[in-house]
> 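Structure provided below as C-alpha cells; questions to follow.
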Amino acid sequence: MWNFVEVSVGPQTVRGRYRIEGDMLVLEWRGGRHAERYGLVKPEVVAMQRLRREAADRPVTA
C-alpha cells in the first residue's frame, strides 16, 4: 500500500509516495525513485526528509 507525502521546497510543493518493503523504505516521486533502510525512525519522517533533500538537489521542471 502506498502512502503519500508532500513537502515544500522553496516556492514549490513536491509530492511523492512511499511504501515499506521489508526493512526498506521505497520513495517514488516525479524526479525518480529512492530506496533506503529506515531503522528506528518513523517511515513518514524518513520519506519527508529524503523527498525534501532529493527535490532540493534536483529541481523538477513542469
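What's counted below: heavy atoms across the whole structure, side chains too, no hydrogens, waters or symmetry copies.
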> To the nearest 0.5 Å, tell me how far E44 CD sits from M48 CE.
9.0 Å
> How long is the span from the CG atom in L25 to the OH atom in Y18, to the nearest 0.5 Å?
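Between L25 CG and Y18 OH, I get 7.5 Å after rounding to 0.5 Å.
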> Please round to the nearest 0.5 Å and tell me the distance separating atom CH2 of W29 and atom CD of E54.
6.5 Å
> Work out which heavy atom in M24 is nearest to a heavy atom in Y38; give both atom names and the distance.
C-CD2, 4.2 Å
> Would you sort out whether R52 and V9 count as a side-chain contact (heavy atoms from CB on, under 4.5 Å), showing the intermediate values?
CA-CA 7 Å; R52 184 173 290 122; V9 179; 4.3 Å; yes
> How many angstroms lie between atom CZ of R17 and atom CZ of R33, to the nearest 0.5 angstrom?
8.5 Å
> Are any non-hydrogen side-chain atoms of L51 and L27 less than 4.5 angstrom apart?
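A side-chain contact under 4.5 Å exists here.
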> Quick one: CD on E36 to CG on D23, what's the gap to the nearest 0.5 Å?
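If I round to the nearest 0.5 Å, the distance is 11.5 Å.
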> How long is the span from the CD1 atom in I20 to the CE atom in M1, to the nearest 0.5 Å?
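So the CD1 of I20 and the CE of M1 are separated by 10.0 Å.
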> Hey, are the side chains of V14 and E6 touching, using non-hydrogen atoms and a 4.5 Å cut-off?
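Counting from C-beta outward, V14 and E6 never come under 4.5 Å.
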